[in-house]
**Q** 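Below you'll find the structure I mean.
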Amino acid sequence: QVQLVESGGGSVQAGGSLRLSCAVSGSTYSTNCITWFRQAPGKEREGVATIYNGGKNSYYTDSVKGRFTISQDNAKNTVYLQMNSLKPEDTAMYYCAATYFGSSGVGYALEPRYFHYWGQGTQVTVSS
C-alpha cells in the first residue's frame, strides 16, 4: 500500500502563488509516477502535472505550462507543485496520486483512471 498526504492549499488572490506538497509513504517502490490532479465542482478530474523516472522527467497540461512547476525530493519522499500566477479558473480540489507505468505508459500519466493510490486532497481557491 502507498499513502499520500497533500498539504499547502489555501485561498489567494489572482496572480498569487501557492506550493502544494504531497508526502508519500508505504510501499513507494511499487510506484514510479506521481501526478497532481484537480477537480472543480461540476467538472471532471483532470491531470495537471506529472513527474516520473525518479524525478528526472515531467510534463504538464497546457493550461498550466509556464505557471506551475512539479518537483520531487527523493530524500523526503515528497512531491511539490509550485503554482505561480494563479487564476480564478485554477480553483479546485487538488489531489496527488501514484501509480506504476512501464516505459510506454507514461504518456497516460495525466489520466486518472490509471492511478491506484490517491491522497485526500487539498483545496485551492483563487479569487479575482
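Worth knowing before you read on, the calculation uses all heavy atoms, side chains too, and leaves out hydrogens, waters and symmetry mates.
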**Q** With rounding to the nearest 0.5 angstrom, report the OG1 to CD distance, Thr125 to Gln13.
**A** 12.5 Å
**Q** Locate the shortest heavy-atom distance separating Pro88 from Ser128; write the atom from each residue and the value.
**A**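 For Pro88 and Ser128, the tightest heavy-atom pair comes out as CG-CB, 3.9 Å.
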**Q** Using every non-hydrogen atom in the two residues, find where Gln82 and Ser17 come nearest and quote the distance to one decimal.
**A** NE2-CB, 4.0 Å
**Q** Between Gln120 and Glu6, is there a donor-acceptor pair closer than 3.5 Å when you use the side chain of the first and the backbone of the second?
**A** yes
**Q** Give the minimum heavy-atom separation between Thr78 and Ser21, together with the two atoms involved.
**A**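 That would be CG2-CB, 4.2 Å.
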**Q** Are any non-hydrogen side-chain atoms of Ile70 and Leu81 less than 4.5 angstrom apart?
**A**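 Of all side-chain heavy-atom pairs linking Leu81 with Ile70, at least one is under 4.5 Å.
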**Q** Treat each ILVMFWY residue as a node, draw an edge where side-chain heavy atoms are under 4.5 Å apart, and state whether Tyr52 and Val79 are in one component.
**A** no
**Q** Would you mind reporting whether Asp73 and Ser71 have side-chain heavy atoms less than 4.5 Å apart?
**A** no
**Q** Yes or no on side-chain contact (heavy atoms from CB on, under 4.5 Å) for Leu18 and Leu86, after CA distance, side-chain angles and deciding distance?
**A** CA-CA 8 Å; Leu18 284 173; Leu86 282 162; 4.2 Å; yes
**Q** Give the ring-plane orientation class for Phe115 versus Phe37, where under 30° counts as parallel, over 60° as perpendicular and anything between as tilted.
**A**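 Aromatic pair Phe115/Phe37 classed perpendicular.
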**Q** Starting from Tyr94, can I reach Val12 by hopping between I/L/V/M/F/W/Y residues whose side chains sit under 4.5 Å apart?
**A** yes
**Q** So do the side chains of Val2 and Ser30 get within less than 4.5 Å of each other, counting heavy atoms only?
**A** yes
**Q** Are Arg38 and Thr91 side-chain neighbours, meaning at least one heavy-atom pair lies under 4.5 Å?
**A** no
**Q** Hydrophobic clustering (ILVMFWY, side-chain heavy atoms < 4.5 Å, transitive) - are Met93 and Val124 grouped together?
**A** no
**Q** Do side-chain atoms of Asn74 reach the backbone of Gly55 as a donor and acceptor pair under 3.5 angstrom?
**A** no
**Q** Is there a side-chain contact (heavy atoms from CB on, under 4.5 Å) between Cys33 and Thr50? Walk through the geometry before answering.
**A** CA-CA 7 Å; Cys33 177; Thr50 188; 3.2 Å; yes
**Q** Are any of the side-chain heavy atoms of Val24 and Tyr117 separated by less than 4.5 Å?
**A** no
**Q** Mind checking whether Phe68 and Ile34 sit in one hydrophobic cluster, side chains of I, L, V, M, F, W, Y counted as touching below 4.5 Å?
**A** yes
**Q** Hey, are Asp90 and Lys87 close enough for a salt bridge, meaning a charged N less than 4.0 Å from a carboxylate O?
**A** no
**Q** Would you give the length of the straight line joining atom CZ of Arg113 to atom OG1 of Thr99, rounded to the nearest 0.5 angstrom?
**A**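 If I round to the nearest 0.5 Å, the distance is 12.5 Å.
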**Q** Should Leu20 and Met83 count as side-chain neighbours, where that means a heavy-atom distance under 4.5 Å?
**A** yes
**Q** Would you say Leu4 and Trp118 make side-chain contact, with heavy atoms under 4.5 Å?
**A**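 Heavy-atom side-chain distance check fails, nothing below 4.5 Å.
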**Q** Show, in sequence, the C-alpha distance, side-chain angles and deciding distance for Tyr59 and Leu110, and conclude whether the side-chain contact (heavy atoms from CB on, under 4.5 Å) test is met.
**A** CA-CA 9 Å; Tyr59 62 90; Leu110 294 184; 3.7 Å; yes
**Q** Between OG of Ser27 and CD of Gln1, what distance do you get to the nearest 0.5 Å?
**A** 7.5 Å
**Q** Nearest 0.5 Å please: distance from the CZ atom of Phe101 over to the OH atom of Tyr108.
**A** 9.5 Å
**Q** Tell me, do Thr35 and Tyr95 make a side-chain contact under 4.5 Å, heavy atoms counted?
**A**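 No, too far: nothing below the 4.5 Å cut-off.
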